[in-house]
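See structure below.
Values reported hereafter were calculated over all heavy atoms of this structure, with side chains retained and with hydrogens, waters and symmetry mates removed. All chains are named by letter (A, B, ...) in the order of the sequence lines, taking the proteins before the strands, and each is independently numbered beginning at 1.
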There are 2 protein chains.
Amino acid sequence: MQLSYTEENYLKALLKVSFDSGIEAVGTNELAISLFVKPATVNDMLKKLKEKGLVDYEKYGKITLSAEGKKIATYIIRKHRLWETFLYEKLEFSWDEVHDVAEQLEHIHSQKLVDKLDKFLDFPEFDPHGDPIPNRLGELKVQFKKTLSEVAVGGSCKMVAVKDNSSSFLQYVVQVGLGLNNEINVLSKQEYDAILVIEVNGLKSSVSQKFADNIFVVCHHCEVGKICPNTQCTFS
Amino acid sequence: MQLSYTEENYLKALLKVSFDSGIEAVGTNELAISLFVKPATVNDMLKKLKEKGLVDYEKYGKITLSAEGKKIATYIIRKHRLWETFLYEKLEFSWDEVHDVAEQLEHIHSQKLVDKLDKFLDFPEFDPHGDPIPNRLGELKVQFKKTLSEVAVGGSCKMVAVKDNSSSFLQYVVQVGLGLNNEINVLSKQEYDAILVIEVNGLKSSVSQKFADNIFVVCHHCEVGKICPNTQCTFS
DNA sequence: TAAATAAGTTAGGCTAATCTAACAAATTAA
DNA sequence: TTAATTTGTTAGATTAGCCTAACTTATTTA
Ligand SMILES: [Mn+2]
Ligand SMILES: [Mn+2]
Ligand SMILES: [Mn+2]
Ligand SMILES: [Mn+2]
């Protein structure tokens, strides 16, 4: 089934919104916000996607992806993250520049291109933002993780991913000396507004709750797909 | 000016048709054939492109690209050929597979991507089909060349490009043992139907006039951008 | 040069993706 | 449990890119 650029984006948004909210069933308005269109527009498209068997949904009910819809959405994510990795690893893009270009590249239709790109990059498991890249079968590594705001004062952790992929946020992350796999010490937290003082590679910074909510961390002994050897670890 | 996928294809077709025919001014029907649409459709688009200052044309007159239109069309060609080179050189695509994917990739909007890709490929001057790749300034290497059908019986030459980029033709070229920079000896030619007997790396094959019209060749002493040291050379 | 043919244009219609405005159903609060 | 609010749907319009059928202009050919 050859889908349009737009149809693909609706499927991807559905997967992303349900993943981010933690709830499988998604509403029309929610989806409209995520796609920067009006609810009426979403409603039209939903009818078409239902017709094609890509979403399950009844009038006034919640929306979920069908098995086929989810497969396609996952494939789009796979392409997006492979392209981000390519741009970052091979073309010297910085991690805040890759997303917008990948938004375009993810819609190129060529199975061979995706497989060859995957091989060229040596089958990467994570993209430049720490997000897992689905493999040919749609499987991905699940990382047990918390946000930086959940880490106790006095504790330390390792950054493994970012939640917000916007250029402005990512540039800010770099500014406080942070990058993937960096150690973070949480020195103190304000009662009143939850402002955190953190230390990264000797550099101390004050960051907001909002900032800390968008940084994913694990215990610094944690390894992907394994049980953490640290018996005190509260992440896995 | 951010153009649509379709508008870009019209500009590219205009450049290609005028280049292939050797005549700058192009007609509505000609363009329609090349784009697989109807003349009426071309007419609609022409009005829009004229409005945007990308083509010069008056009702019932011939069509030419404006300076701006030509610049954009050349940039699309640059992207197309860089992507073909990437697929061929880095992702193990064969030369008959690259064109269709490049037709999609040429529409990705990112100046940085193009420049970085160019650098990653070490600023290639020719694509896998022997076509010149315009540089950042839109300049390209012009190769003096003839078609294989113009070579005299008993003569020899070197293949430098193909005219037809279709998968079926390119596969046929490989089948007779030919590739870029291979030496070809023209052993004989039939009076009646111009069937040629050629020899490539010791392999003899009979090829049609149509085939020979689509193979571009030079003298085997010729080098791009230089005057051939062979005083007998009839190519440059 | 007049008729025939080719080339180009116009009018009107279709579909995909979007919108606004009005309406209907479901949920929440009083 | 009614009223208010939120959420979702429908009807009707718009734009880009395409079409067919009918028409007009330009070019050939007799
Ligand atoms: Mn991204
Ligand atoms: Mn990412
Ligand atoms: Mn090509
Ligand atoms: Mn080419």
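- The phosphate of C:dA7 (OP1 or OP2) has no side-chain N or O of B:Lys62 nearer than 4.0 angstrom.
- With distances taken from any side-chain atom of A:Lys59 to the nucleotides C:dG8, D:dG8, D:dT9, the minimum falls on D:dT9.
- Nucleotide C:dC23 holds its P atom 17 Å from the CG atom of A:Asn43, rounded to whole Å.
- In this structure, B:Tyr5 reaches neither bases nor backbone, as no heavy-atom distance under 4.0 Å exists between it and the strands shown.
- Where A:Asp44 and A:Tyr60 meet DNA chain C, the nucleotide closest to each residue was compared, and A:Asp44 sits on the side nearer the 5' end.
- Here C:dG8 presents its C1' atom at 8 Å from OH of B:Tyr57, a figure rounded to the nearest Å.
- If you measure from atom CG of A:Leu35 to atom P of C:dC19, you get 10 Å, rounded to the nearest angstrom.
- Under the 6.0 Å cut-off for aromatic ring centres, A:His99 and A:His129 do not qualify, their centroids lying 6.0 Å or more apart.
- Of the side-chain N and O atoms in A:Lys47, none sit less than 4.0 angstrom from OP1 or OP2 of D:dT9.
- A sub-4.0 Å separation between OP1 or OP2 of C:dT9 and a side-chain N or O of B:Thr28 is present.
- Using a 4.0 Å heavy-atom cutoff across all strands shown, B:Thr41 reaches at least one base atom of the nucleic acid.
- Here C:dT15 presents its C1' atom at 15 Å from CD of A:Glu51, a figure rounded to the nearest Å.
- Residues B:Phe211 and B:Phe169 bring their aromatic ring centres within 6.0 Å.
- Separating the CG atom of A:Leu46 from the C1' atom of C:dA16 is a distance of 16 Å, rounded to the nearest angstrom.
- Ring planes of A:Phe86 and B:Phe86: tilted class, angle from 30 to 60°.
- Here D:dT6 presents its P atom at 16 Å from CD of A:Glu30, a figure rounded to the nearest Å.
- Salt-bridge check for A:Lys119 with B:Glu92: passed, with a basic side-chain N closer than 4.0 Å to an acidic carboxylate O.
- Taking only side-chain nitrogens and oxygens, A:Lys38 never comes nearer than 4.0 Å to OP1 or OP2 of D:dG8.
- The 5' end of DNA chain C is approached more closely, in terms of each residue's nearest nucleotide, by B:Val26 than by the other of A:Glu7 and B:Val26.
- Rounding to whole angstrom units, CE of residue B:Met45 and P of D:dC19 are separated by 11 Å.
- With salt bridges taken as basic N to acidic carboxylate O contacts below 4.0 Å, none links B:Asp213 and B:Lys146.
- Rounded to whole angstrom, the span from the CD atom of A:Glu58 across to the C1' atom of D:dT9 amounts to 14 Å.
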